[in-house]
Amino acid sequence: MSRPALLVGGRLLDPSQGLDAPGTILIRDGRIEACGPDIAGPEEAEVVDVGGLVVAPGFIDVHVHFREPGDEHKETIQSGAKCAVAGGFTTVWTMPNTDPPIDDPAAVGFVRASGERARGARVFPVGAASRGLRGEQMTEVGELVAAGAVAVSDDGNPIWNAGLLRRLLEYTQTFGVPVLQHAEDRDLACGGVMNEGKVATALGLRGVPNAAEAGMVARDCLIAELTGGHLHVCHVSTRESVEHIRRAKERAAHVTAEVTPHHLALTEDAVRFYRTEAKMNPPLRTEDDRAAVIEALADGTIDIIATDHAPHHYEEKEREFDDAPFGVVGLETALGIAVLELVETGMLTLGELVERLSCGPARIMGLEGGTLRPGSPGDIVVFDPAERWVVDPSTFLSGSHNTPFLGLELVGRVRATWVGGELRFRLPRESSPARRQSPSYAEKGGL
Amino acid sequence: MSASASRTPPEGLGLGKDLTGLQHLTGAQIKGILDTAEPFKEISERRIKKVPVLRGKTIVNLFLEPSTRTRISFEFAEKRLSADTVNIAASGSSVQKGESLVDTARNLEAMRIDMVVIRHGSSGAARFLADRIPSNVINAGDGQHEHPTQALLDLLTIRDRFGSLAGRRVCIIGDVRHSRVARSDIWGLLRCGAEVAVCGPRTLIPLGIEELGVAVLSRVEEAIEWAEALYVLRLQLERMDGGFVPSLREYNRFFGISRARLERAPRDIAVLHPGPMNRGVEIDSDVADGPWSLILPQVTNGVAVRMAVLYLLAGGQPELAESAKEAEG
Ligand SMILES: [Zn+2]
C-alpha cells in the first residue's frame with residue numbers, strides 16, 4: 001500500500017455532499033480518510049500542494065471502446081486505462097463489441113484482469129446482451145455479472161428485436177445491472193454515414209435521419225416502462241430522443257441517458273470537406289439538436305456525459321468518407337470540451353459539470369465512488385478549471401489520435417489523478433506553459 | 001471567340017490547382033471556363049483535330065468506376081491538346097486488388113504525372129486525392145457528390161441555345177437523390193443566375209435540397225408548365241431493387257418525358273440528358289430524337305469544355321485560348 005497522501009490548498013468540489021470550499025483531503029489505505037478544512041495528516045504522509053486547483057471525485061465514463069481483444073493496433077486495455085486517467089477518469093466501462101465479443105464469463109474475466117494490470121483507471125467490462133452481439137439469444141447475464149460485468153449491451157448493434165429487449169429488461173433486474181442501448185433503426189439509417197439534411201445532400205453522402213434514433217428510443221422507453229427494468233440510452237444525439245426520454249422519466253420509467261462531448265460541441269458542419277475525424281455513429285446533428293442535448297443535460301433529462309471513446313488507426317480514417325470507420329477518441333479531451341462548451345457558456349456550473357462526469361454516473365449506475373466522502377475509494381481528480389491548452393494528439397496516451405478537436409483551444413486541464421489512493425497520472429510539468437512560468441509551483445513541489 | 005472572354009483579367013480565373021466541383025466556384029469563374037471553351041469548339045471541326053497546347057504533359061485517367069462516355073470525352077480532349085495519356089480502369093488495376101486511394105495517390109505522385117482525371121464511386125474521393133498530390137486533379141464524377149465537367153457542358157449547351165444563363169428556368173427531373181450530375185448542375189446554374197427546380201418522386205428527392213436554393217415540384221406537368229429547359233436524369237435500374245420506385249412502367253407513366261407532355265408546354269422547351277438514356281423509361285424516343293433535344297450538342301460540347309478545363313488548369317490564360325489553338329501541331 002502506498003504512502004498516505006495529503007492534498008492541501010485545493011478547492012474541494014463534491015456535489016454528492018454539496019461541498020465547494022477550500023480544504024484538505026487525506027488519502028490512506030486506498031480510501032479517502034478525511035475531507036474538509038483543518039485536516040492534519042500523519043507524520044509519514046506525502047504532502048501535495050494543490051493550491052489553485054480543483055479537487056473532485058474521479059470521473060466515471062460508462063461508455064468506452066478499448067478494442068482488446070482483436071484490434072490492439074487501435075487501443076489496448078493498457079493504453080486505454082492510461083489515457084483515461086490522463087483525462088481525469090478513474091472508472092471506465094468498456095463496451096463488449098471487440099473481436100471476439102465479450103459474451104462469456106472468461107472474456108469478462110480477461111478484461112477485468114487486464115484492467116487491473118494496466119494500473120490506470122478501473123476497467124469494468126460491459127457484457128454482451130446477446131450471444132455474438134447477434135441480437136438473437138440472450139447471453140448468460142448472471143454468469144457475466146458474477147464474473148465482473150457491470151451492465152449488458154450490444155452497443156454498435158442496436159437490439160432490434162423488441163421481444164429480446166423486453167426479456168433483457170426483465171431478466172437483468174435479478175442482477176441489478178442496466179441494459180445499455182445504442183438506439184438506431186437500421187432500416188431508417190439505411191447505410192447512412194452522416195446526419196441527413198442539407199449538408200449531406202450537398203456532399204452527396206447518405207444521411208441518417210433523427211427518426212432512426214428517436215423512433216427506437218421511443219419504443220425502448222415504452223418497454224422500460226412495461227418491465228420496470230433499467231434502460232440506459234447511449235449517446236443521445238437528437239431533440240426528439242430527448243423528448244421521449246423526458247416523457248418516460250415523467251412516467252417514472254427507469255430510464256437514464258448519456259450524451260457525448262462531441263455531440264455537445266459539434267454539428268454536422270464539422271463533416272464539411274469530408275473530414276473523417278467527424279464521422280461517428282450517431283452522427284453529429286444540427287445546431288437545434290445540439291441545443292436540445294445541452295439543455296437536456298442541464299435540466300437532468302440526460303443524466304451524464306459519456307465519451308464513447310472510439311479509437312481508430314490513422315490509416316483506417318485516412319480513406320474515402322464512405323469507407324472510414326465511425327468513431328472518435330474522447331477521454332483526454334472530455335473535461336476541456338465540457339468546460340469550454342458548458343461552463344464557459346453558462347449552461348452548467350463547474351459543480352454541475354462534476355456531477356455529470358462523476359457523481360451522476362455513480363448514482364445512476366449504483367457504483368461506489370463519485371464522492372469525496374470519508375470511507376469512499378481514493379478516486380480523485382485534480383484539475384485546473386481555467387487552464388487553456390491546445391489539443392495536440394501527439395501528446396495523447398491513447399493508442400489512437402482520431403479526434404475532431406485537433407488544434408482547438410480547450411479550457412480546463414487535468415493535473416493529476418488518483419485511483420484507489422495511488423497516484424496514477426500526473427501531467428508532465430513541461431506540458432503546461434502556465435506552470436513553467438510560475439516558479440512557485442516548482443518551489444512548493446506542487447502539481 | 002466571344003467578346004466577354006477577352007475581358008477576363010490577365011491573372012486568369014483563379015481556379016486553383018484542381019476542379020473538384022462547382023459548389024465553390026463563382027459565377028465569373030464558371031463563365032470564364034465556358035468562354036474559354038468557345039474557341040476549342042472549332043478544333044473538333046477541323047480535319048486535323050490536334051493542337052500542341054499540352055504537349056509533354058502526362059495525364060492519368062483514373063477511372064475506378066465504369067464509365068465509357070466521360071472517359072472517351074476526356075481522352076479526346078486530352079489527345080486533341082497533344083497530351084500523353086494513360087488510362088487506369090478499375091478492373092485489373094492494383095486498385096481493384098485492394099490498394100487504398102491514399103496509396104494510389106502516393107504512387108501517382110512518385111511517377112511525377114501532371115494531371116489526374118478521376119472517376120470514383122465515393123463522394124469526396126476527388127478532393128481526397130487533390131489534397132494529397134501536387135498534380136492537378138479533375139473530378140470526372142465522385143459518388144453522389146459532383147460531376148463538374150458534365151455540368152459545364154450542360155451550361156454551355158443551354159447558353160448556346162438561349163444566348164444566356166441568367167434568368168433561365170431549368171428543371172432537373174428524376175433521381176436527384178443519387179445524382180452527382182444534378183448537384184453540379186444545381187450549383188452551376190445557380191451561380192450563373194438561372195432559376196432551378198427539381199422534380200421527381202419524393203423518394204428520389206433528398207432532404208434539405210430546398211436549402212441549396214432550388215424549388216421542389218412534385219408533378220412533371222408542373223415542371224413542364226414552368227421550365228424553359230428540362231434536364232432529364234437517368235434512372236438507374238437498380239433503384240427499383242432499392243424500393244425507390246415500384247416499377248419502371250409506373251415511373252414512365254408519371255415522370256417520363258413524352259411527346260404528348262411536351263406538346264402541352266406553354267412555350268418552346270429544350271430537353272437535355274447526361275446519357276446514357278433509358279429510352280422508354282425517363283425519356284421517350286420521340287423526345288430524345290425530336291426537335292426539343294439538345295442531347296447531341298451536349299456530347300459535342302463535352303469535348304470542348306474538357307479541353308478548356310485541361311488548358312486552364314495547366315496554366316493557360318483564358319484570353320490566349322484563341323491563339324493557343326492556332327499554334328502549329
Ligand atoms: Zn454506440
Side-chain angles (χ1 to χ4, degrees), chain A residues 73 185-214 238 240 267-279 283-289 312-326 402 406, chain B residues 20-24 64-65 95 98-106 118 120-132 139 141-148 175-184 186-187 190 198 203-214 216 242-244:
Chain A
H73 64 292
D185 181 325
R186 287 277 161 90
D187 294 318
L188 275 176
C190 202
V193 294
M194 68 170 295
N195 185 47
E196 185 166 355
K198 70 165 193 269
V199 179
T201 291
L203 292 173
L205 293 173
R206 277 162 298 158
V208 180
N210 281 18
E213 174 182 294
T238 72
E240 295 84 348
T267 67
E268 60 182 356
D269 284 325
V271 181
R272 281 182 202 279
F273 309 113
Y274 301 97
R275 285 186 57 212
T276 58
E277 298 81 10
K279 180 177 177 181
L284 298 170
R285 302 285 186 181
T286 64
E287 185 57 36
D288 180 61
D289 293 301
H312 289 293
H313 196 252
Y314 74 91
E315 273 176 11
E316 295 159 318
K317 279 288 194 180
E318 197 176 358
R319 303 200 60 171
E320 299 89 316
F321 197 88
D322 280 335
D323 299 335
F326 293 101
N402 51 309
L406 168 73
Chain B
T20 57
L22 299 190
Q23 184 183 0
H24 301 291
L64 304 180
E65 197 187 62
V95 182
E99 182 179 276
S100 71
L101 191 52
V102 68
D103 282 335
T104 304
R106 288 184 189 131
I118 179 174
H120 194 289
S122 287
S123 300
R127 171 179 276 275
F128 181 96
L129 186 67
D131 288 345
R132 283 165 181 79
N139 182 4
D142 63 328
Q144 300 167 2
H145 175 228
E146 285 224 40
H147 190 353
D175 186 3
V176 177
R177 176 187 291 275
H178 300 100
S179 175
R180 53 192 167 215
V181 173
R183 286 168 178 77
S184 285
I186 287 170
W187 299 124
L190 291 175
V198 296
T203 48
L204 296 176
I205 304 294
L207 282 186
I209 190 92
E210 296 92 338
E211 291 170 76
L212 308 189
V214 307
V216 177
F244 291 95

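Because only heavy atoms are used, hydrogens play no part in the values below, and waters and symmetry mates are left out as well, while side chains stay in. The model shown is predicted, which means the values in this text are computed figures rather than measured ones. Below, read A as the first sequence line, B as the second, and so on, with proteins coming before strands; counting in each chain starts at 1.
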All heavy atoms of Thr201(A) vs all of Leu207(B), minimum pair found to be OG1-O, 2.6 Å

Under 4.5 Å to a heavy atom of chain A? For Ile209(B) that would be both

Taking every heavy atom of Glu318(A) against every heavy atom of Val102(B), the minimum-distance pair comes out as OE2-CG2, 3.6 Å

Highest number of heavy-atom pairs under 4.5 Å with chain B among Arg206(A), Glu320(A), Arg319(A) belongs to Glu320(A)

Scored by heavy-atom pairs under 4.5 Å with chain A, the best of Gln23(B), Arg180(B), Arg127(B) is Arg127(B)

Value for CG (Asp142(B)) from CZ (Phe321(A)), rounded to nearest 0.5 Å, stands at 13.5 Å

Correct closest heavy-atom pair for Ser123(B) and Leu203(A) would be CB-O, 3.4 Å

Bottom line for His120(B): the part with an atom under 4.5 Å from chain A's heavy atoms is side chain

